Amino acid sequence: MSNITFEDYKNAIKAKYEKEKEEGDYSNNLSSPTTANLRKLCIKRFASNTDKDDLITFESFFDFPFDKDKRNLFGGDELNKLESVKRFFKGKTENPADETIQLAAILVDLRPRPFNKFRKQIDEEDLELINELRITNNSGKEVASNNLNVQEEIEGLNDSKTDDVVEDSQPLQSKEAESVKMPISTFVNISEKPKSKKLRYLAITAILAGLGLIIYLALPHKECMQWSGDHYELVYCDEPIKGNLNEVFPKDNYLLSFRKIKVYDTTNCFRPNKEAFIWYARKSSTEVDFFNGNGNGRSPENGATIKPVTNYILGRYAEKSNSKK
């Protein structure tokens, strides 16, 4: 089973973009990815493109099929739509729509594509690149964690030194007086506690942590996920939820917060810049499902494309507020 995630697919597109803008055939369009340059590149990529998936992506993104004899269809509205691709290339958007990702893959000519083919047909060379991208993305977190551990160790050493100074700072006269008053047996008392309890606590903590790690590694882990009702559930890869026929695939942390939600006609679905942060996918010709994000771009229930909501969709399909229970 492939462990390629949608996040890997997006990272591969961005890596291909960085390469193409430097040495690709259309680097003049990608080195400065304005919406006008992306429109020109789009026409070039589709001028002789007969790939069925690519043509479906074009129509899904622009809401009309590609026709090389009607280039004037690329007007102001289409330029505005290409703004999302521009922001994706520049890393200025966190949750781009599925159509944005798929069109970006076409513009940089990433192969294989779309995501479903990429996940199944990725070759060894590209897989090595994906692993490098994963390491690069995680290295910053590891360095920060290591720095924190070093700082904690230094603070612990400083605390120990402070304890020793406090003990040694007792007046010599007081120590002598105590030695006179204490019985001789005190000096050979085998039950005397160590000067510092820290070492004992650290040893116990290390032993417990080691036992916990051994137990954790010995137990099987839920490394896959499956859509259940309105969210993804973590499952064992060979043990799907009983009676659940939805696809089981490798765990993708990006999707763990993905939810199907209820939306009413009074629900705020847009940011101040009018960008939608609520998404929808068609359930049937008369119904839609609403989601808190675009997930991997497809409805986990029927595979329909997930799109950002519009005022039209809200007006037609959002539940009326007076029907709230």
Side-chain angles (χ1 to χ4, degrees), residues 5-14 17 29-30 32-42 56-64 73-108 114-115 137 230-232 252-283 287-300 303-321:
T5 67
F6 196 68
E7 195 66 25
D8 293 328
Y9 184 54
K10 291 195 295 184
N11 289 335
I13 295 172
K14 289 182 179 179
Y17 163 72
N29 296 115
L30 290 171
S32 178
T34 63
T35 52
N37 277 337
L38 293 178
R39 177 177 61 179
K40 293 176 184 177
L41 178 57
C42 194
I56 290 174
T57 295
F58 181 95
E59 184 172 358
S60 179
F61 187 87
F62 290 109
D63 292 327
F64 60 83
L73 287 175
F74 283 86
D77 290 341
E78 285 65 45
L79 282 177
N80 290 336
K81 289 183 178 181
L82 286 169
E83 183 71 26
S84 63
V85 181
K86 169 187 171 183
R87 291 200 305 271
F88 171 70
F89 282 148
K90 290 192 170 186
K92 294 183 178 180
T93 179
E94 294 182 358
N95 297 310
D98 177 58
E99 292 92 340
T100 298
I101 300 298
Q102 304 297 5
L103 185 66
I106 296 171
L107 294 183
V108 300
F115 173 64
N137 291 336
D230 60 359
H231 65 286
Y232 282 105
D252 186 346
N253 290 329
Y254 173 74
L255 295 176
L256 289 178
S257 60
F258 180 67
R259 295 284 189 277
K260 182 167 70 174
I261 61 175
K262 274 188 173 292
V263 171
Y264 297 91
D265 55 359
T266 56
T267 302
N268 178 26
C269 300
F270 302 93
R271 296 187 174 92
N273 63 357
K274 298 183 180 179
E275 180 183 9
F277 58 84
I278 300 298
W279 303 71
Y280 78 97
R282 289 200 172 276
K283 185 176 182 180
E287 293 180 285
V288 302
D289 287 324
F290 292 99
F291 301 93
N292 65 346
N294 72 328
N296 62 7
R298 298 286 176 181
S299 169
T305 299
I306 296 179
K307 301 180 180 180
V309 298
T310 62
N311 287 321
Y312 170 78
I313 292 295
L314 289 175
R316 182 168 182 180
Y317 297 106
E319 194 169 333
K320 302 304 178 185
S321 56

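This one's a predicted model, so the numbers in the text were calculated from it and none came from an experiment.
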Roughly how far, to the nearest 0.5 Å, is the [atom2] atom of [Y] from the [atom1] atom of [X]?
X: Arg39; Y: Thr34; atom1: CZ; atom2: OG1; value: 9.0 Å
X: His231; Y: Leu256; atom1: NE2; atom2: CG; value: 10.0 Å
X: Asp289; Y: Tyr280; atom1: CG; atom2: OH; value: 12.0 Å
X: Leu38; Y: Ser32; atom1: CG; atom2: OG; value: 9.0 Å
X: Ile306; Y: Asn95; atom1: CD1; atom2: CG; value: 11.5 Å
X: Thr267; Y: Ile278; atom1: OG1; atom2: CD1; value: 7.5 Å

Nearest atoms (heavy-atom pairs only) where [X] meets [Y]:
X: Val288; Y: Tyr317; result: CG2-CB, 3.5 Å
X: Phe6; Y: Gly295; result: CD2-O, 4.2 Å
X: Asp98; Y: Gly297; result: CB-CA, 3.2 Å
X: Phe258; Y: Gly293; result: CE1-O, 3.1 Å
X: Phe62; Y: Cys42; result: CE1-SG, 4.0 Å
X: Tyr9; Y: Ala105; result: OH-CB, 3.5 Å

Worksheet item: Under the side chain to side chain contact (heavy atoms under 4.5 Å, CB included) criterion, do Thr5 and Asn253 qualify, and how do the steps go?
Response: CA-CA 9 Å; Thr5 67; Asn253 290 329; over 6 Å; no
Discussion item. Using 30° and 60° as the class boundaries, would you call the ring planes of Phe89 and Tyr17 parallel, tilted or perpendicular?
Written reply: parallel
Discussion item. Any side-chain to backbone donor/acceptor pair from Asn294 onto Pro308? Under 3.5 Å, distance only.
Written reply: no
Item to complete: Please confirm whether the backbone N or O of Glu7 pairs with a side-chain atom of Asn11, one donor and one acceptor, at under 3.5 Å?
Response: yes
Any side-chain heavy atom of [X] sitting closer than 4.5 Å to one from [Y]?
X: Phe61; Y: Val85; value: yes
X: Pro33; Y: Lys90; value: yes
X: Leu82; Y: Leu103; value: yes

Worksheet item: Can you check side chain to side chain contact (heavy atoms under 4.5 Å, CB included) on Ile313 and Lys307, steps first, answer last?
Response: CA-CA 10 Å; Ile313 292 295; Lys307 301 180 180 180; over 6 Å; no
Worksheet item: Given the rule in the side chain to side chain contact (heavy atoms under 4.5 Å, CB included) test, do Ile101 and Phe115 qualify, once you have shown the distances and angles that lead to the verdict?
Response: CA-CA 9 Å; Ile101 300 298; Phe115 173 64; over 6 Å; no
Practice prompt. Please indicate whether Lys260 has more than 12 foreign heavy atoms, meaning atoms of other residues, nucleotides or ligands, lying under 6.0 Å from its NZ.
Written response: yes
Worksheet item: Would Leu314 and Phe270 count as a side chain to side chain contact (heavy atoms under 4.5 Å, CB included) if you check the C-alpha gap in whole Å, the side-chain angles of each, and the deciding distance to 0.1 Å?
Response: CA-CA 11 Å; Leu314 289 175; Phe270 302 93; 3.7 Å; yes
Worksheet item: Within 45° of the axis and under 6.0 Å from the centre of the six-membered ring of Tyr254, does NZ or CZ of Lys10 qualify?
Response: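 Ring-cation test returns yes.
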